[in-house]
Amino acid sequence: MKKLTFRQVLKAVNSYVVFFLTVGFAVSCCMMLFLSILADSMGLVLDGNNIGVAAKLTFGNVLLITLLFGTADYIRRKITVERPVKQITAAAEKIMQGDFSARVPPIRGAGTDGFNQIGSAINAMAQELSGTETLRTDFIANVSHELKTPLAVMGNYATMLQRPGITEEEKNDYAKSISEAARKLAQLITNILKLNKLENQQIFPKPREFDLGEQLCECLLQFEDAWEAKNLEIETDMEDGVRIQSDPELLSLVWNNLISNAVKFTPDGGTVGLSLKTEGSSVTVQVRDTGCGMNPETGRHIFEKFYQGDTSHATQGNGLGLALVKRVIDILNGEIGVQSVYGQGSTFTVKLKR
């Protein structure tokens with residue numbers, strides 16, 4: 001059992017004295033009023049002996065009452081106040097030390113509703129912190145892995161460049177591989193910085209009116225070399241003169257990622273489609289492909305950071321593109337969804353307000 005400190009003893013004595021004086025004053029006043037009325041109504045004369053006896057009885061009653069009620073109040077506070085406070089404090093200290101699995105147990109007893117509300121709030125906070133910590137740990141692990149791969153490639157090819165007797169063609173191949181790894185590394189860092197700014201609301205939309213169809217065509221034409229190299233068929237179905245009030249720079253990030261993925265995952269000779277339609281006060285953009293498609297499990301995680309359902313294309317990306325797309329659409333108060341059939345292709349649908 002924990003020993004009481006001098007300060008705690010002094011505080012308890014002080015509380016009792018205050019309680020005793022308060023009760024003594026109240027009881028004394030009541031007793032004096034009672035004796036005064038009794039003497040007047042019955043014609044009694046109160047002498048010193050009578051008053052002395054009454055005072056002693058009053059003091060004894062006050063002392064007994066304060067001791068009984070003080071003890072009862074001490075026990076009540078121990079059960080209904082101090083014990084819940086200790087439970088809440090213990091859980092809070094564990095959370096402060098990084099143990100996000102700590103929880104405040106349900107507190108039972110009369111008058112504990114307020115403590116249970118505090119405990120529920122702390123438990124919800126611990127759960128959110130636990131999820132955030134897991135995401136942070138996964139993010140660091142994924143970033144470390146993604147950084148390690150191109151750095152290892154660059155290091156290996158740089159070492160090979162230093163070998164004596166290599167041909168000029170080999171030098172060019174090694175230098176090209178180093179350049180490609182550096183490009184991928186720069187793209188990864190750029191996407192991480194963009195995603196960080198988007199998630200921390202450091203990028204604010206700058207809406208202005210522009211022609212959405214024109215922007216979609218410009219983004220599509222940026223991948224002309226890629227689709228021609230794979231002999232892809234491009235199908236477009238876009239309404240003319242569709243103007244919206246939004247941030248064109250953020251939306252270009254969305255279209256570039258969606259079209260890039262459609263071209264990347266569509267095999268040679270396949271089809272990539274792009275459509276734009278108005279529906280009342282909103283517009284709908286669809287990007288579809290006849291690529292590998294996704295199974296339901298991949299579809300549930302497709303917008304998570306670093307998630308890559310098709311590992312055969314992992315060298316062409318870093319799993320941040322769709323996470324960026326989802327965050328941009330959320331910031332612009334839009335909607336994005338995906339319909340996919342494994343082995344047949346995918347269709348991404350974006351809805352925006354005009």
Side-chain angles (χ1 to χ4, degrees), residues 187-188 190-195 197-199 203-230 232-266 270-279 282-291 293-294 299 302-305 307-308 310 313 316-340 345-354:
Q187 182 184 23
L188 171 64
T190 299
N191 285 341
I192 290 174
L193 292 175
K194 285 182 180 178
L195 189 58
K197 289 182 178 180
L198 287 170
E199 290 186 335
I203 294 180
F204 299 95
K206 299 178 181 177
R208 64 177 178 84
E209 186 176 320
F210 65 96
D211 191 311
L212 182 57
E214 183 179 336
Q215 184 188 50
L216 288 169
C217 290
E218 291 175 355
C219 291
L220 181 62
L221 288 174
Q222 293 179 14
F223 299 92
E224 184 175 5
D225 293 339
W227 86 58
E228 287 183 348
K230 300 178 72 172
L232 301 180
E233 182 179 354
I234 305 299
E235 296 181 351
T236 58
D237 180 17
M238 293 189 285
E239 293 185 14
D240 294 329
V242 178
R243 301 184 68 83
I244 65 171
Q245 188 81 14
S246 189
D247 189 319
E249 292 186 7
L250 288 178
L251 280 180
S252 66
L253 181 66
V254 173
W255 314 136
N256 285 334
N257 275 283
L258 293 180
I259 296 172
S260 173
N261 284 344
V263 173
K264 178 173 67 175
F265 290 108
T266 303
T271 302
V272 172
L274 180 63
S275 66
L276 168 62
K277 295 181 179 179
T278 58
E279 298 178 356
S282 63
V283 295
T284 301
V285 177
Q286 286 190 331
V287 180
R288 60 182 179 84
D289 62 69
T290 57
M294 296 177 286
I302 196 65
F303 294 111
E304 296 178 5
K305 295 187 286 287
Y307 185 83
Q308 292 181 314
D310 183 6
H313 293 81
Q316 301 179 36
N318 46 55
L320 286 177
L322 289 178
L324 284 168
V325 167
K326 182 66 168 64
R327 187 60 186 138
V328 169
I329 296 300
D330 289 342
I331 289 176
L332 297 178
N333 296 320
E335 299 177 8
I336 183 169
V338 58
Q339 292 181 331
S340 184
S346 304
T347 300
F348 285 85
T349 303
V350 177
K351 291 186 178 181
L352 298 167
K353 295 181 180 179
R354 301 188 66 176

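In this structure, Arg354 CZ and Glu279 CD are separated by 11.0 Å, a value rounded to the nearest 0.5 Å. If you take CE on Met238 and CG on Leu274, they are separated by 5.0 Å, rounding to the nearest 0.5 Å. Note that the CZ atom of Phe348 and the CG atom of Asn261 stand 6.5 Å from one another [nearest 0.5 Å]. In this structure, Arg208 CZ and Ile244 CD1 are separated by 10.5 Å, a value rounded to the nearest 0.5 Å. Atom CD1 in Ile336 sits 12.5 Å away from atom NZ in Lys351 (nearest 0.5 Å). Atom OG1 of Thr271 is separated from atom CD of Glu233 by 4.5 Å, given to the nearest 0.5 angstrom.
Two residues are said to be in side-chain contact when any heavy atoms from C-beta on lie closer than 4.5 Å; Thr349 and Thr284 meet this criterion. Looking only at side-chain heavy atoms (C-beta outward), Arg288 and Glu235 come within less than 4.5 Å of each other. Between Val254 and Val285 there is no side-chain heavy-atom pair separated by less than 4.5 Å. Counting only heavy atoms from C-beta outward, the side chains of Ile331 and Asp247 never approach each other to under 4.5 Å. Side-chain contact between Leu220 and Trp227: present, with at least one pair of heavy atoms (C-beta onward) separated by less than 4.5 Å. The shortest distance between side-chain heavy atoms of Val242 and Lys277 does not fall below 4.5 Å. A 4.5 Å side-chain heavy-atom check between Leu251 and Leu352 finds at least one atom pair inside the cut-off.
With Phe223 as reference, Ile259 is the one residue of Leu232, Val272, Ile259 to meet the side-chain contact (heavy atoms from CB on, under 4.5 Å) rule.
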- Task: Could you walk me through whether Leu258 and Val350 pass side-chain contact (heavy atoms from CB on, under 4.5 Å), step by step?
- Result: CA-CA 10 Å; Leu258 293 180; Val350 177; 4.0 Å; yes

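With hydrogens and angles disregarded, no donor-acceptor distance shorter than 3.5 Å links the side chain of Lys353 to the backbone of Ser246. With hydrogens and angles disregarded, no donor-acceptor distance shorter than 3.5 Å links the side chain of Thr266 to the backbone of Val263.
In this structure, Gln222 places its CD atom where more than 12 heavy-atom neighbours from other residues, nucleotides or ligands lie under 6.0 Å away. Residue Glu239 qualifies as enclosed at atom CD: its count of foreign heavy atoms under 6.0 Å is above 12. More than 12 heavy atoms of other shown residues, nucleotides or ligands fall within 6.0 angstrom of atom CD in Gln245.
The shortest non-hydrogen separation linking Ser346 to Val338 is CB-CG2, 4.5 Å.
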